[in-house]
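These numbers were taken from a predicted model, which means no experiment stands behind them. Counting from 1, the numbers follow the sequence of the chain as shown. In what follows, every heavy atom counts, from backbone to side chain, and hydrogens, waters and symmetry copies are set aside. Counting starts at 1 for both ligands and their atoms, in listed order.
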Amino acid sequence: MRQAGRYLPGYQAVRREVSFLDLCRRPDLGAQVSLEPVERFGMDAAIVFSDILVPLQAMGVEVEFHDRGPEITRTVRDGNAVDALRKFDPAAQTPWILETIGRLAAVLPSDIPVIGFAGAPWTLAVYAVEGRMSKDLTAAKTMRWREPEVLRRLLFHLAAATVPYLTAQAKAGARALQLFDTWAGALSRDDYEGFALPALKVVFDGVRHELGEDCPPLVLYSRGSSAFLDLLLRSGADAFSVDWQLPLGDAKRLLDGRPVQGNLDPTALLGTADSVRHATRMMLASVEGQHGVVANLGHGVLVGTPPENVAAFVDEVKRAGETG
Ligand code: CP3
């Protein structure tokens with residue numbers, strides 16, 4: 001998650017020349033920045049360079065990327081705006097992400113898979129309604145309380161659009177597909193169950209149905225969901241990427257021992273090399289001896305993270321792998 005990003009000098013150099021969206025639309029540069037962390041740190045997987053908000057744009061929601069984060073100039077706040085959303089045709093509207101995946105799959109060795117991704121319906125809906133990063137999500141929550149059926153329509157529109165998008169990414173060469181539900185934790189347990197979860201299930205069941213036996217592992221990243229990890233098991237995902245609120249081993253237990261990914265606090269990488277190594281060992285100790293664990297952060301790499309701390313994290317994980 002933002003494995004490629006502004007903490008890396010190579011990425012910064014590319015971004016001095018091209019805008020964020022132009023970078024997404026250039027498979028040569030997109031592949032280059034996706035590969036930088038893999039080549040530099042020896043990650044076991046590459047994540048294709050794009051953004052979860054790109055499909056919103058294809059549906060007619062204008063998105064701009066500024067230094068302070070993305071901004072949607074015309075928000076989706078009522079039933080008319082939801083009904084005006086266009087259908088999304090990934091091959092026609094975002095062919096470049098498929099081409100970037102194809103390029104990555106072609107140049108990476110076979111033991112380094114490419115990860116494709118999309119935003120989870122609830123998190124996309126939050127951006128579409130709010131327009132920008134917001135603390136209390138008052139606009140999205142107002143819709144939830146005043147017009148819950150409109151919110152449901154929006155969620156299911158986004159879910160339906162995400163099925164062909166992820167399917168196309170797998171067909172282009174992605175060997176894992178991840179949904180990012182960054183705003184899951186803004187919902188109560190009941191609202192997660194009533195709004196976010198049914199839409200997630202549409203996506204995962206739909207992708208699995210489309211791809212059949214060729215379906216790669218489906219991963220759900222969910223932030224702030226420690227209070228309802230058991231509900232995530234009903235999403236249809238194969239593996240669960242979690243934040244740092246619980247020790248990784250506790251999260252794995254609550255998820256019935258299913259494969260988990262995570263969960264170092266990204267701010268741990270702002271510490272010293274020693275503190276990074278210590279925190280990484282603590283994380284690994286909580287799942288010692290267990291199968292189905294992908295060592296990762298619990299959210300994206302933060303701007304200002306010293307690259308050498310990312311290297312220390314990877315090194316510590318690899319050492320643990322060597323000793324069992
Ligand atoms: O290495 C990778 O992970 C590649 C691609 C990737 C980006 N964004 C690139 C990006 C992925 C997987 C994402 C996911 C994403 N984008 C999420 C879900 C995960 C999460 O971080 O919570 C969300 C909510 C977004 C929306 C978004 N895009 C935000 C909130 C921001 C601003 C915050 C930030 O870190 O700058 C972006 C911009 C963005 N997306 C950048 C990158 C590298 C920085 C943009 C720049 O270069 O100016």
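In terms of the side chain to side chain donor-acceptor pair (under 3.5 Å) criterion, residue partners of R26 (sequence neighbours excluded) are, by chain and number, D28. For S241, the side chain to side chain donor-acceptor pair (under 3.5 Å) partners two or more places apart in sequence, or in a different chain, are Q261. Residues forming a side chain to side chain donor-acceptor pair (under 3.5 Å) with S225 (at least two apart in sequence, or on another chain): S222.
For the pair E149 and R152, the salt-bridge criterion is met [side-chain N within less than 4.0 Å of a carboxylate O].
The contact shell of ligand 1, taken as protein residues with any non-hydrogen atom closer than 4.0 angstrom, comprises M1, R2, Q3, A4, G5, R6, Y11, R15, F20, I47, V48, F49, S50, D51, I52, F65, G69, P70, F117, Y127, M133, F180, T182, H299.
Aromatic ring orientation, F41 versus Y7: parallel (interplanar angle below 30°, classes split at 30° and 60°).
Side-chain atoms of T167 and E210 form no donor-acceptor pair, as typed in the model, at a separation below 3.5 Å.
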